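Everything on this sheet refers to the single structure shown next.
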Amino acid sequence: MEKIRQPTHAGSWYTDNPTKLSSDLEEWLNATGLTKSPDVRGVIAPHAGYSYSGRAAAYAFANIDPTNISRIFLLGPSHHFYTPKCALSTATVYKTPIGNLPVDVEMIKEIRAMGKFGMMDLRVDEAEHSMEMHLPYLAKVFEGNNVKVVPILVGAVSPENEAMYGELLAKYVDDPKNFFSVSSDFCHWGSRFNYMHYDNTHGAIHKSIEALDKKGMDIIETGDPDAFKKYLLEFENTICGRHPISIFLHMLKHSSSKIKINFLRYEQSSQCQTMRDSSVSYASAAAKLET
């Protein structure tokens with residue numbers, strides 16, 4: 001029986017008008033000027049409302065050549081539901097205003113059989129926006145292609161378990177039919193996020209935030225999950241998708257494919273000048289096979 005995950009954030013976080021949504025996505029993808037490459041095997045992209053991060057996200061999704069891809073692993077952080085594990089979707093279809101993405105139920109079964117993954121019920125799934133904000137872009141880029149999704153909600157996973165999940169999922173990286181969409185915003189700065197790290201040697205607050213984010217992005221580009229863990233311990237940067245990113249780094253480390261992450265775009269929702277301000281940062285990357 002079909003179990004449909006509704007696009008619960010359509011109409012608020014992004015338009016629910018199919019024509020408008022399709023043309024917005026097309027415009028943003030074209031504006032990047034990027035070329036699709038079959039060597040791009042994954043992306044890291046933000047998940048805020050499209051009026052904030054839609055244009056930045058295009059710099060990740062515009063790299064994708066959908067031709068040979070038949071399965072998308074979608075890893076997103078959990079904002080509302082506490083779990084120390086990774087949880088798999090119980091839905092059979094992820095609906096978007098511009099087309100539906102069937103869930104790869106067989107792959108969900110295969111991963112569940114590993115015994116380390118929880119399951120999330122539909123209520124939890126529909127309340128979470130981190131994966132949903134990637135769906136319209138994926139529906140757009142993979143339009144007309146036969147593709148299924150494997151949604152994995154990443155909970156508050158310990159560093160040891162990040163490594164464990166990365167090792168378990170690493171074998172899927174080596175199959176070129178598989179693609180990975182990793183959902184994360186970067187620094188959430190300001191009193192409302194309880195995070196106000198400021199190094200005034202960089203000048204204005206927004207420049208300090210940028211330097212902090214860029215440091216993290218540079219470390220992610222090295223592909224070293226342990227260096228990323230050290231960075232997070234030192235600066236406590238409020239990167240909400242740090243667990244999905246860490247698992248992805250462990251996956252790449254344990255796979256036999258040589259895949260390199262490169263960041264292509266960085267933006268902030270606003271430029272913080274005073275301690276009363278707040279902002280969220282958005283960074284988009286492509287994970288590319290080194291040939």
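Note that the structure is predicted; figures quoted are calculated from it, not measured.
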Within the side chain of T96, is there an N or O that forms a donor-acceptor pair under 3.5 Å with the backbone of G99?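 Yes, because the side chain of T96 sits within donor-acceptor range (under 3.5 Å) of the backbone of G99.
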
Original post:
Would you say H188's side chain and F186's backbone share a donor-acceptor pair under 3.5 angstrom?
Top reply: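 Indeed, once roles are kept as given, a pair shorter than 3.5 Å links the two residues.
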
Are there over 12 heavy-atom neighbours, none belonging to [X], within less than 6.0 Å of that residue's [atom1]?
X	atom1	result
E110	CD	yes
K260	NZ	yes
K288	NZ	no

*Parallel, tilted or perpendicular: which describes the rings of Y50 and Y14, with under 30° parallel and over 60° perpendicular?*
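Rings of Y50 and Y14: tilted, as their planes differ by 30° to 60°.
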
Discussion item. Rounded at 0.5 Å granularity, tell me how far CD in E132 sits from NE2 in H129.
Written reply: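 Those atoms lie 9.5 Å apart.
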
* Asked: How long is the span from the OH atom in Y282 to the OG atom in S269, to the nearest 0.5 Å?
  ->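 If I round to the nearest 0.5 Å, the distance is 4.5 Å.
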
Original post:
Would H47 and H79 count as a close aromatic pair, with their ring centres under 6.0 Å?
Top reply: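 Yes: the rings meet the under 6.0 Å criterion.
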
Q.
Aromatic contact between F179 and F73, with the criterion being ring centroids under 6.0 Å apart: yes or no?
A.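 Between F73 and F179, which both carry aromatic rings, the centre distance is not below 6.0 Å.
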
- Heavy-atom side-chain contact between S181 and I72 under 4.5 Å: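 Counting from C-beta outward, S181 and I72 do come under 4.5 Å.
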
Donor-acceptor pairs under 3.5 Å, side chain of residues 59-66 to any protein atom, not counting sequence neighbours: which ones?
residue	atom	partner	partner atom	Å
N63	ND2	Y59	O	2.7
N63	ND2	A60	O	2.9
D65	OD1	T67	N	3.0
D65	OD1	T67	OG1	2.4

| Nearest heavy-atom neighbours spanning P46 and S284 |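 Answer, listing the atom of P46 first, then S284: CD-OG, 3.4 Å.
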
List the atom pairs, donor and acceptor, that lie under 3.5 Å between side-chain atoms in residues 224-233 and the rest of the protein, sequence neighbours left out.
residue	atom	partner	partner atom	Å
D224	OD1	D226	N	2.9
D224	OD1	A227	N	3.2
Y231	OH	L212	O	2.6
Y231	OH	N237	ND2	2.9

Fill in: Distance under 6.0 Å and angle within 45° of ring axis: R112 vs F117
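Judged by the rule (NZ or CZ under 6.0 Å from the ring centre, within 45° of its axis), R112 is not positioned above F117.
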
